[in-house]
**Q** 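My questions will all concern the structure given below.
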Amino acid sequence: MAGSETHYTMPLPSFAKPVKLLIVVAPYYKDIADNLVAGARAVAASCGAEVDLVEVPGALELPSAIALAERLADYDAYVALGCVIRGETTHYDTVCNDSSRALSLLGLQGACIGNGILTVENMAQAEVRADPKGANKGGGAAAAALHLVALSRKWAGKTKGIGFRA
């Protein structure tokens, strides 16, 4: 049973210079979104991160908003939060796949992103995963973004050089 499994959670990183974190949330399911944000804010605060919050209409707009912020603003990391509940059509698959793929592509381009988009079968599953005292997936997404910031700062300024190595 998946609910009884345990997993390792990395300790949160610490930072000499504060982190600027942008939480981008799609509040389509407002109560779920509010819980995801609360979990993300709590984890960010425990690392001393400065947090800004913006809302977008739905999960498909999350990557676009993050891409805009990456180009036009000054953030170290991003947390994408939302919830997609399976319905009667294939729209669920499109939203889940496209939003996740777009966030992954932004990450491969160097953006530090924690993906906290819940993809669930029903509201009960969403409630458990969003609850900061439950699965706390919002907090987990913030932690993922912060870990990526720590790695980017660790490797900042290092170059591999150009061409062949001697």
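Below, all heavy atoms of this structure are taken into account, side chains as well, without hydrogens, waters or symmetry copies.
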**Q** Take atom CZ in F15; do more than 12 heavy atoms of anything else shown fall under 6.0 Å from it?
**A** yes
**Q** Can you run down the salt bridge (Lys or Arg N to Asp or Glu O under 4.0 Å) pairs that involve residues 136-154, sequence neighbours left out, and say none if there aren't any?
**A**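 Sorted result for residues 136-154: D76-R153.
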**Q** Compile the donor-acceptor pairs under 3.5 Å between side chains in residues 44-56 and protein atoms, sequence neighbours left out, one pair per line.
**A**
unit_1	atom_1	unit_2	atom_2	d
S46	OG	V43	O	2.6
D52	OD2	Y75	OH	2.6

**Q** Closest approach of A59 and V84, non-hydrogen atoms and distance?
**A**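 Smallest heavy-atom distance, with atoms named: CB-CG2, 3.9 Å.
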**Q** Are the side chains of L106 and P63 in contact, using a 4.5 Å heavy-atom criterion?
**A**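 In contact.
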**Q** Could you tell me which residues satisfy salt bridge (Lys or Arg N to Asp or Glu O under 4.0 Å) with K30, sequence neighbours excluded, listed by chain and number?
**A**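 If we apply the salt bridge (Lys or Arg N to Asp or Glu O under 4.0 Å) test to K30, skipping adjacent residues, the hits are D34.
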**Q** Quick one: does I23's side chain get under 4.5 Å of L81's, heavy atoms only?
**A** yes
**Q** Any idea which heavy atoms bring A135 and R129 closest together, and the distance?
**A** CB-CA, 3.6 Å
**Q** Please give me the minimum heavy-atom distance between A40 and A142, naming the atom from each residue.
**A**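 Result for this residue pair: O-CB, 3.7 Å.
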**Q** Identify the heavy atoms of A80 and I66 that sit nearest to each other, and give their distance.
**A** CB-CD1, 3.9 Å
**Q** Kindly indicate, with the supporting measurements, whether the criterion side chain to side chain contact (heavy atoms under 4.5 Å, CB included) is fulfilled by V19 and L146.
**A** CA-CA 8 Å; V19 174; L146 292 165; 3.9 Å; yes
**Q** Tell me every residue that passes side chain to side chain donor-acceptor pair (under 3.5 Å) with E70, counting only those two or more places apart in sequence or in another chain.
**A** Y78
**Q** Do V25 and L22 land in one hydrophobic cluster if side-chain heavy atoms of ILVMFWY residues count as linked below 4.5 Å?
**A** no
**Q** Might you point out which heavy atoms bring V24 and A65 nearest each other, and give the distance in Å?
**A**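 It is CG1-CB, 3.8 Å.
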**Q** Run the side-chain donor-acceptor check on residues 114-127: report pairs under 3.5 Å with partners two or more places apart or on a different chain.
**A**
unit_1	atom_1	unit_2	atom_2	d
N115	OD1	I117	N	2.9
E121	OE1	R86	NE	2.9
E121	OE2	R86	NE	3.1
E121	OE2	R86	NH2	3.3
N122	OD1	A124	N	3.2
N122	OD1	Q125	N	2.8
Q125	OE1	E121	N	2.7

**Q** For residues 91-99, which side-chain donor-acceptor pairs fall under 3.5 Å, sequence neighbours excluded?
**A**
unit_1	atom_1	unit_2	atom_2	d
N97	ND2	D93	O	3.1
S99	OG	V95	O	2.6
S99	OG	C96	O	3.4

